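As the structure is a computational prediction, the values presented were derived from the model and not from experiment.
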Amino acid sequence: MVATTLGTPVELMSAQVDSETISFPAGAAIFRRGQSANAIFGVRRGIVEVINQSGDKLCVRPGELFSYEDIVWKDGVFRNEAIASTPVELVRLDRLRFLNLLHNHPTLAVQLIAQQHERLREQRASGTVAY
């Protein structure tokens with residue numbers, strides 16, 4: 001993750017007035033494929049598995065965001081499902097507020113690109129499937 005004076009993406013989201021902190025027990029569905037993609041999530045504590053249609057799993061760790069790809073697509077639905085692998089604490093920010101956050105803090109986009117790059121590098125090194 002790229003460090004900036006603004007903090008991590010999750011810290012930046014948490015600082016927003018309208019952000020919401022939510023918790024899920026292990027095994028709980030955070031969202032299902034096909035549901036309306038109306039928010040982005042950041043992991044404060046725990047691990048979330050994001051599962052695509054082929055069944056490939058991606059573990060999202062503390063400090064990382066997920067579902068941001070889905071909220072920018074025009075069809076507005078989650079393409080994957082997200083399940084709490086462990087008890088999790090998440091920061092939730094609705095779509096419009098997240099897009100405003102990106103507008104006001106463009107370095108957040110750079111952090112998200114760096115997060116994706118690091119994940120792809122890890123997957124390439126380990127030989128795991130990337131989606």
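- Looking at residues two or more places apart in sequence or on another chain, you find a ring-ring contact (aromatic ring centres under 6.0 Å, His included) between Phe41 and Phe31, Phe66.
- At a threshold of 4.5 Å between non-hydrogen side-chain atoms, the residues Leu108 and Phe98 count as touching.
- In terms of heavy atoms, Ser85 sits closest to Ala26 at O-CB, 3.8 Å.
- Residues Leu65 and Val10 are in side-chain contact: their nearest non-hydrogen atoms beyond the backbone lie under 4.5 Å apart.
- One N or O on the side chain of Ser67 and one on the backbone of Ala39 form a donor-acceptor pair closer than 3.5 Å.
- Going from atom CD1 of Ile113 over to atom OG1 of Thr107 covers 11.0 Å, rounded to the nearest 0.5 Å.
- Among all heavy-atom pairs drawn from Ser36 and Phe78, the shortest one is O-CE1, 3.2 Å.
- Contact detail for Pro9 and Gln111: the closest heavy-atom pair is CD-NE2, 3.8 Å.
- Remark: side-chain polar atoms of Arg95 are paired, donor with acceptor, to backbone N or O of Ile71 under 3.5 angstrom.
- Hydrophobic clustering (side-chain heavy atoms under 4.5 Å, transitive across Ile, Leu, Val, Met, Phe, Trp, Tyr) groups Ile22 together with Val60.
- Linking ILVMFWY residues whenever their side-chain heavy atoms come closer than 4.5 Å, directly or via other members, places Ile40 and Leu102 in the same cluster.
- By the salt bridge (Lys or Arg N to Asp or Glu O under 4.0 Å) test, Glu20 pairs with Arg92, sequence neighbours left out.
- The two residues Val91 and Ser14 come nearest to each other via the heavy atoms CG2-OG, 3.2 Å.
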Does the side-chain contact (heavy atoms from CB on, under 4.5 Å) test come out yes or no for Arg61 and Val43, once each step is laid out? CA-CA 6 Å; Arg61 302 166 289 225; Val43 180; over 6 Å; no

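- Nearest heavy atom pair, residue Glu49 against residue Cys59, reads CG-SG, 4.2 Å.
- Across Asp56, Ile51, Asn52, a single residue satisfies side chain to side chain contact (heavy atoms under 4.5 Å, CB included) together with Asn80, and that is Asn52.
- Annotation: the span from Ser23 atom OG to Arg45 atom CZ amounts to 6.0 Å, rounded to 0.5 Å.
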Apply side-chain contact (heavy atoms from CB on, under 4.5 Å) to residues Asp70 and Arg79 and explain how you reach the verdict. CA-CA 7 Å; Asp70 295 323; Arg79 292 171 165 34; 3.5 Å; yes

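- Counting only heavy atoms from C-beta outward, the side chains of Leu101 and Leu12 approach each other to under 4.5 Å.
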Report the C-alpha distance between Arg32 and Ile83 in whole Å, list the side-chain angles of each, state the deciding distance to 0.1 Å, and finish with yes or no for side-chain contact (heavy atoms from CB on, under 4.5 Å). CA-CA 9 Å; Arg32 298 279 184 196; Ile83 308 294; 3.6 Å; yes

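- The CG atom of Leu96 sits 12.0 Å away from the CG atom of Asn38 when rounded to the nearest 0.5 Å.
- Put simply, CG on Leu93 and CE on Met13 are 5.0 Å apart, with the number rounded to the nearest 0.5 Å.
- Using modelled atom types, one side-chain atom of Thr86 and one backbone atom of Ile47 make a donor-acceptor pair closer than 3.5 Å.
- Nearest heavy-atom pair across Arg44 and Pro62 is O-CB, 3.8 Å.
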